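Here the structure is laid out as structure tokens; the discussion comes afterwards.
Here, residue 1 is the first one in the sequence, and each next residue gets the next number. Everything quoted here is computed from the prediction, not taken from an experiment.
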Amino acid sequence: MDKERKLIIAGNWKCNKTVAEALVLVGDLKRELAPVKEVDIVCCPPFTALDAVSKAILDSNIRLGAQNMGENGLGAFTGEVAAGMLKEFSVGYVILGHSERRQFQKESDALIAKKAAAAHAANIIPIVCVGETLAEREAGITNAVVETQLKGSLTGLTSEQVERTVVAYEPVWAIGTGKTATTAQAQEVHAFLRKVIGTLHGDTVARRVRIQYGGSVKPNNARELMSQPDVDGALVGGASLEVRSFADIIKNSI
Ligand code: 13P
């Protein structure tokens, strides 16, 4: 597939996998995906498996991501993990503002923006998630919702930082439900998000920023989704937990 932007496909393991299970999965993925050069491949295990996975993928084309981080540096922040600590394990990406964190931890756009700035300061690429609920889509306010989330979550970043940020469009109603946005629905929102970035940071940044789709991405829908002009990759939940489905999503996307 011929795109100006390199595809980036990330597995969000969420709260799954023991260290032993994580090592089996990345061992299998390394073998399956060794020849793949066309896609940036990222695995995002839970914090507890970062150390082991980091060592296991040293000599591979798989990069490491975390699923969250604290907005502050070191200090009296019980329960937090700081960007500098992630760097110890060669973490290159961090998922921020996932809808599950927006919902269960009540994360706000302002908080996500602080985390994104802290990630960039540590040379970690944030994967900033936005997406509407089913009620919001049915009310016809999808664009307004994702525009507010995107602008709020990128506040304070420089244009250079925004260009390196990965945006993930994840309609909440498509996460873990087996319902995927149609390719037309995904493309429409992706094009809109790119336009919003263009308004804020200019055409070059908008053209270069990568926007992933997330929400029930499977081997059988990956190719069609990735073929959309403004879809630059996927953020995969359930299907990233098995070698066969994650590897096939990547292979079918090329
Ligand atoms: P599913 O692929 O399980 O729908 O999850 C998507 C997601 O939330 C990825 O971050």
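A donor-acceptor pair under 3.5 Å is absent between the side-chain atoms of D40 and the main chain of K6, judged by distance alone. Judged by distance alone, with hydrogens and angles left aside, the side-chain atoms of N61 form a donor-acceptor pair with the main-chain N or O of V36 at under 3.5 Å. With hydrogens and angles disregarded, no donor-acceptor distance shorter than 3.5 Å links the side chain of K17 to the backbone of P46. Put simply, the side chain of E38 never gets that close to the backbone of L7: no donor and acceptor are under 3.5 Å apart. In this structure, R63 contributes its side chain and V42 its backbone to no donor-acceptor pair below 3.5 Å. No donor-acceptor pair closer than 3.5 Å links the side chain of S240 to the backbone N or O of G11. With hydrogens and angles disregarded, a donor-acceptor distance shorter than 3.5 Å links the side chain of D232 to the backbone of I211.
Every residue two or more places apart in sequence or in another chain that forms a side-chain hydrogen bond (donor to acceptor under 3.5 Å, both in side chains) with E132 is listed here: R137, Y169, W173. For D51, the salt bridge (Lys or Arg N to Asp or Glu O under 4.0 Å) test picks out K55, with sequence neighbours left out.
Look at D248 and K251 and you find no salt bridge, because none of the NZ, NE, NH1 or NH2 atoms lies under 4.0 Å from a carboxylate O. Of the charged side-chain nitrogens involved, none lies within less than 4.0 Å of a carboxylate oxygen, so that D109 and K151 do not count as a salt-bridged pair.
The shortest side-chain heavy-atom distance between P45 and L50 falls under the 4.5 Å cut-off. Within the 4.5 Å cutoff, the side chain of I57 has no heavy atoms near those of the C43 side chain.
Here the closest non-hydrogen pair linking G233 and I9 is CA-CG1, 4.3 Å.
Checking each of V146, L150, V196 against V167 for a side chain to side chain contact (heavy atoms under 4.5 Å, CB included) leaves exactly one that passes, namely L150.
Counting non-hydrogen atoms of neighbouring residues, nucleotides and ligands closer than 6.0 angstrom, the CG atom of L134 exceeds 12 such neighbours. Residue-environment remark: NZ (K179) stays at or below the threshold of 12 foreign heavy atoms within 6.0 Å.
H98 and Q67 are not linked by any side-chain donor-acceptor pair at a separation below 3.5 angstrom, with hydrogens and angles left out of the test. Side chains of Q187 and D230: a donor on one and an acceptor on the other come within 3.5 Å.
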Donor-acceptor pairs under 3.5 angstrom involving side-chain atoms of residues 110-127: please list them, not counting sequence neighbours.
from : atom 1 : to   : atom 2 : distance (Å)
K115 : NZ     : N68  : OD1    : 2.8
K115 : NZ     : M69  : O      : 3.3
K115 : NZ     : E107 : OE2    : 2.8
H120 : NE2    : Q161 : O      : 3.1
H120 : NE2    : T165 : OG1    : 2.8

